[in-house]
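Everything on this sheet refers to the single structure shown next.
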Amino acid sequence: MNNPKEITRVLFENFQPQAIYLFYAIGYVAIAVFIYGVYVQLRKYRRGKSDGSWNDLLHRFIDMAKTMVSHRTLVRRDKSAGRAHGLIFFGFVLLFIGTSTITLEYDILRPLFGVQFWYGNFYLLFSLVLDLAGIGLIVGLIYMMYRRKWLNLPKLDYKRVDRQVGDPDFDRNQYRREDWAFLWSFILIGVTGFVLEATRLVWLSGRPEVWDYRIWSPVGALLAQLMQLIGLTAEGASNLRVGLWWFHGLLSLTFIACIPYTKIKHIFTAATSLMFKDPLAGKRLPRVPDEQKTAGYKTITDLTWKNLLHLDACTKCGRCQEACPANAVGAPLSPRDVILSLREFANHALSAKEIPKEAELDIHGKDIGQVFMETLWSCRTCLACVEICPVAVEHVPIIVQMRRNLVEAGEMEPLLEKTLQTIHKTGNSFGESKRKRAAWAKELPFEIKDARKEPVDVLWFVGDYASFDPRNQKVTQSFARLMHHAGVNFGLLFEAELNAGNDVRRVGEEGLYELLASSNIGTIQSCDFKSIVTTDPHSFNTIRNEYPDFGGKFEIEHYTTKVKQLIESGQIKLKKKLDYRVTFHDPCHLGRYNKGYDAPRDVLKLLGCELVEMARNRDNSFCCGAGGGRIWIPDPVGIEKPSANRMKEAGQIEGLQVFVVSCPKDLTMFEDALKTSGFEGKFIVRELIELIDECIEYEAWEGLPQAV
Amino acid sequence: MKILIAVKQVAALDEDFEIRADEKDVDEDFLLYDLNEWDDFSLEEAMKIKESSDSEVEVVVVSIGPDRVDESLRKCLAKGADRAIRVWDDSIEGSDAIAIGKILAAVAKKEAPDLVFAGVQSSDHSYASTGISTAAYLNWPHAAVVADFKYQPGASQAVVRRELEGGMLQEVEINCPAVLTIQLGINKPRYASLRGIKQAAAKPIEELSLADVGLSTGDVGAGNSMSRVRRMYIPEKGRAEMIEGSLAEQAAKIIQIINEFKGA
Ligand code: SF4
Ligand code: SF4
């Protein structure tokens with residue numbers, strides 16, 4: 001048995017003292033370059049506006065650590081990439097801890113305190129773990145190379161949809177080169193590490209305290225034996241080792257020095273971005289402080305430090321672009337490119353010692369790094385990008401903030417401008433008289449209470465589409481009848497209800513939103529009720545998530561939850577089972593925005609329907625195209641509409657009978673798309689309420705005027 | 001230089017409106033007020049001059065009307081007007097377009113602008129004569145239905161293109177100060193964001209009485225107008241009927257109708 005103290009790794013044996021000094025000197029330079037880079041980055045973030053996300057740091061840290069350790073966000077919707085990244089990540093972390101352990105002992109504990117622990121069994125285990133980590137790292141990196149070279153994934157194509165061939169920032173080749181440089185240098189560090197290990201074994205093959213324990217570095221041992229097989233002597237190995245040692249060492253130090261300047265920085269930025277993740281990002285948009293003169297983002301310095309950090313966290317993985325409905329139909333928008341453009345802009349403008357003049361900081365326009373107006377207006381604020389981003393980049397708040405500035409400058413579609421003026425004038429997007437808001441109720445065989453005049457249990461906030469759109473009015477009447485039949489004590493706000501403002505806010509007309517929200521909040525607060533119900537997911541979102549910022553804290557349910565309760569409690573009796581083969585479209589504002597995935601599915605099950613999911617369901621649901629005010633902006637002719645794209649997806653389900661929705665705007669969008677995309681006669685589009693309606697046996701007197 | 005813009009808060013009818021008991025106007029409950037559409041264009045035209053000029057250009061909006069008009073004036077301030085003036089006295093109620101022109105002319109004398117803009121007409125009463133009567137009271141040259149406008153701030157003349165019948169344009173040189181009535185489509189009016197309107201609430205609106213502009217109750221009101229509203233009403237709808245059936249049946253029906261008319 002050897003003395004355990006001797007079982008360790010030689011570090012600088014046979015090195016001239018000058019060589020060691022030189023190595024340390026280079027090491028310090030690398031660290032200095034690293035620190036300077038970090039300083040420049042931090043200075044850049046500090047040039048952004050403040051952000052209130054400093055609360056609950058411990059919680060945030062734990063959440064971040066959990067996400068990172070589980071790699072949850074990375075394996076989602078792309079298992080192989082996520083796992084490969086896991087190998088690289090854990091390999092790197094272990095190797096990093098390993099190297100730090102050596103430094104800790106060799107440079108700190110031993111010289112200062114004489115403490116030594118890196119030997120014997122600990123050392124052997126250490127070698128084994130590091131060898132495995134190295135293997136993981138290399139395998140992961142090779143997969144990433146394979147993926148980039150041979151899989152031809154559209155999401156890894158950096159060509160831009162909003163720029164033309166020939167534009168300087170059209171293909172972003174520098175990103176591709178950077179990716180490859182990163183992969184190659186990283187893999188070289190790993191491979192030379194192993195070769196180095198092998199040469200050390202061959203060189204010291206005469207020492208039993210080294211050679212006898214070689215099995216604890218299995219990869220090194222295997223390589224060493226191969227080297228011996230091809231005739232490498234101990235002396236030859238020693239010579240080879242010196243050269244390799246310097247190569248490996250310098251490459252590693254360069255790598256470290258490069259971190260803050262290259263994509264490698266995502267190690268830090270992505271982690272921090274995850275830590276400052278806002279669970280309500282996009283669902284609750286930021287308020288504009290009253291005293292602030294202009295609304296929204298005009299210059300790069302209008303962004304908060306957190307926004308700037310998000311820009312740097314993006315790893316260009318393209319998952320957001322892949323999920324984006326606007327991108328899918330060929331609109332000039334890729335959420336990733338918005339982020340990357342702004343990142344390039346920020347790096348250019350805010351990394352210099354002095355911030356350039358205000359005029360050079362404008363992020364709107366047609367130049368490099370600027371974001372096109374068409375790009376911003378293409379967004380449907382469906383939140384698919386925010387949902388899938390593995391590093392918690394929050395695109396939608398940035399896009400809306402930029403739109404706020406466009407609205408203030410009047411840079412929008414004339415039709416949208418008209419609609420906003422109409423909403424201001426009449427309180428609804430249909431330009432109808434306020435008095436007509438509850439006209440649909442006149443045709444009912446019973447009276448609906450006026451919640452402003454008498455106490456009710458449930459206050460029904462109807463919303464514009466359900467109130468004024470003729471097709472949706474039928475659904476609205478059905479829901480009224482259903483609630484009445486179930487004996488729910490409910491009432492309406494009648495002409496006092498205004499557009500809830502969800503989409504107005506997402507368009508970027510913050511002033512109008514404030515007006516609508518505060519008026520509605522005032523009206524609702526003056527009523528005596530227990531909870532609010534709505535059939536409109538858009539109204540649902542803003543009342544639930546955004547009204548509290550304006551002093552309106554109310555309990556609100558989407559009707560799917562309410563109906564589920566009513567059925568389960570027996571207040572609604574289903575007299576009949578439906579045997580339809582159906583699919584369900586998750587509305588963005590109910591699903592991704594408010595995680596209401598289950599209630600509608602449960603109701604469908606209670607009705608007896610056979611639910612077949614579309615490929616894109618639940619959190620990956622594909623927006624109908626109406627969000628973010630796009631329902632007021634005509635879609636360009638000649639390119640596919642998101643709703644038509646969705647119809648095609650549903651059309652693939654064999655024997656599909658009903659495409660079920662639970663949102664008024666969805667009903668409008670998809671009934672339209674059904675006709676235009678040629679599926680008419682194959683299946684039908686129905687509001688969930690209409691299916692429930694089929695299962696209830698109403699008394700004759702409860703009949704609806706033109707019930708479907 | 002200074003540009004004075006006469007604006008009006010017009011009324012739009014709500015669904016199912018009712019006529020007032022005295023039959024002279026629609027019941028105010030059924031009216032929705034907003035800035036006259038033409039005024040968006042005349043304000044924008046002034047703003048374009050202001051924004052492209054090297055020298056100081058002051059844009060002042062003026063309106064004759066009660067308190068509620070402030071909301072429309074604020075919209076103008078939000079779009080960039082420097083000042084707003086509102087003239088009101090209860091006796092002004094019932095004034096016709098010519099009498100309003102008299103008041104506007106009085107304001108113009110006080111303000112001494114280089115140009116006065118007004119909309120070609122208002123969307124509610126459509127007299128199309130307020131701007132012209134203002135010019136008449138001022139004894140200034142005027143050009144109506146201006147569809148294009150070229151002017152160097154400070155110049156003594158402007159070149160305008162007026163819209164004529166049949167798609168024709170007439171190019172006119174006009175001496176300043178002058179009154180122009182601006183046609184829709186001359187430019188693209190900017191959007192006044194709600195935040196802008198809210199912030200404009202901080203800008204004061206100057207309220208003037210008749211005396212402030214050198215007039216008295218004897219100059220205004222229905223009694224001192226050249227025209228008065230006698231009655232406002234909804235005309236009976238003409239009748240139309242689809243005649244169906246075979247050709248012979250249709251012919252018989254037509255003969256029957258003609259006979260009914262003759263016999264009546
Ligand atoms: S919110 Fe939706 S439409 Fe907008 S960028 Fe993100 S994914 Fe695309
Ligand atoms: S923003 Fe997020 S999802 Fe999009 S490319 Fe960057 S890291 Fe990927």
Side-chain angles (χ1 to χ4, degrees), chain A residues 287-296 298 373 401 403-428 430-439 442 468 495 498-499 501 504-505 507-519, chain B residues 8-18 26-41 43-45 47-48 50-51 68-81 123-124 184-203:
Chain A
R287 284 195 67 166
V288 180
D290 286 335
E291 68 283 356
Q292 194 172 308
K293 269 218 120 35
T294 54
K298 176 164 177 61
M373 179 176 131
Q401 287 276 26
R403 280 184 180 184
R404 284 179 179 169
N405 190 260
L406 291 179
V407 167
E408 209 138 272
E411 309 235 34
M412 59 182 133
E413 285 276 331
L415 261 175
L416 175 62
E417 199 175 302
K418 266 247 135 30
T419 310
L420 293 175
Q421 283 163 343
T422 302
I423 298 177
H424 180 205
K425 208 148 93 183
T426 61
N428 67 75
F430 287 74
E432 295 275 3
S433 154
K434 285 194 173 85
R435 277 176 249 266
K436 283 197 131 181
R437 184 169 278 274
K442 290 202 190 103
F468 295 109
E495 64 266 26
L498 300 184
N499 179 303
V504 168
R505 192 169 211 203
V507 158
E509 203 350 335
E510 186 65 5
L512 182 54
Y513 175 74
E514 286 168 10
L515 189 81
L516 297 169
S518 46
S519 165
Chain B
K8 179 180 179 188
Q9 188 179 51
V10 292
L13 293 179
D14 201 351
E15 221 101 8
D16 312 319
F17 60 89
E18 285 165 23
V26 174
D27 186 336
E28 192 148 0
D29 274 3
F30 297 90
L31 296 179
L32 297 170
Y33 292 103
D34 200 359
L35 187 65
N36 183 30
E37 199 183 349
W38 276 264
D39 301 341
D40 282 325
F41 291 87
L43 175 61
E44 183 65 35
E45 206 52 29
M47 288 308 298
K48 273 168 62 185
K50 180 179 167 77
E51 282 162 358
R68 59 170 160 80
V69 174
D70 282 354
E71 198 189 318
S72 293
L73 288 173
R74 223 163 267 134
K75 197 163 156 190
C76 298
L77 291 170
K79 290 187 180 201
S123 60
D124 52 358
L184 300 178
I186 187 172
N187 51 41
K188 186 192 167 294
R190 64 197 64 195
Y191 178 75
S193 78
L194 265 282
R195 275 179 54 84
I197 296 175
K198 230 166 107 183
Q199 283 166 350
K203 294 192 193 176

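Chain letters run A, B, ... following the sequence lines, proteins first, then strands; residues in each count from 1.
- In terms of heavy atoms, B:Gln199 sits closest to A:Gln292 at NE2-O, 3.3 Å.
- In this structure, chain B has a heavy atom under 4.5 Å from the side chain of A:Glu509, while its backbone stays farther away.
- The closest side-chain heavy-atom distance from A:Glu514 to B:Lys198 is below 4.5 Å.
- Taking NZ of B:Lys75 as the start and CD of A:Gln421 as the end, the distance is 5.5 Å to the nearest 0.5 Å.
- Each of A:Thr294, A:Leu515, A:Val288 was scored for a side chain to side chain contact (heavy atoms under 4.5 Å, CB included) with B:Arg195, with one residue passing: A:Val288.
- The neighbour count for A:Lys418 NZ, taken as heavy atoms of other residues, nucleotides or ligands under 6.0 Å away, does not exceed 12.
- A:Ile423 contributes atom CD1, which lies 10.0 Å from atom CG of B:Leu194 (distance to the nearest 0.5 angstrom).
- Between B:Ile197 and A:His424, the shortest heavy-atom distance links the atoms CD1-CE1, 4.4 Å.
- Closest non-hydrogen pair, B:Tyr191 versus A:Val407, comes out as CD2-O, 3.6 Å.
- Using a 4.5 Å cut-off between heavy atoms, A:Leu512 touches chain B through backbone and side chain atoms alike.
- Counting heavy-atom pairs closer than 4.5 Å to chain B, the top residue among A:Glu417, A:Lys434, A:Glu510 is A:Glu417.
- Of the listed residues (A:Glu411, A:Glu432, A:Lys436), the greatest number of heavy-atom pairs within a distance under 4.5 Å of chain B belongs to A:Lys436.
- Counting all heavy atoms, side chain and backbone alike, B:Ser193 lies closest to A:Glu408 at OG-OE1, 3.6 Å.
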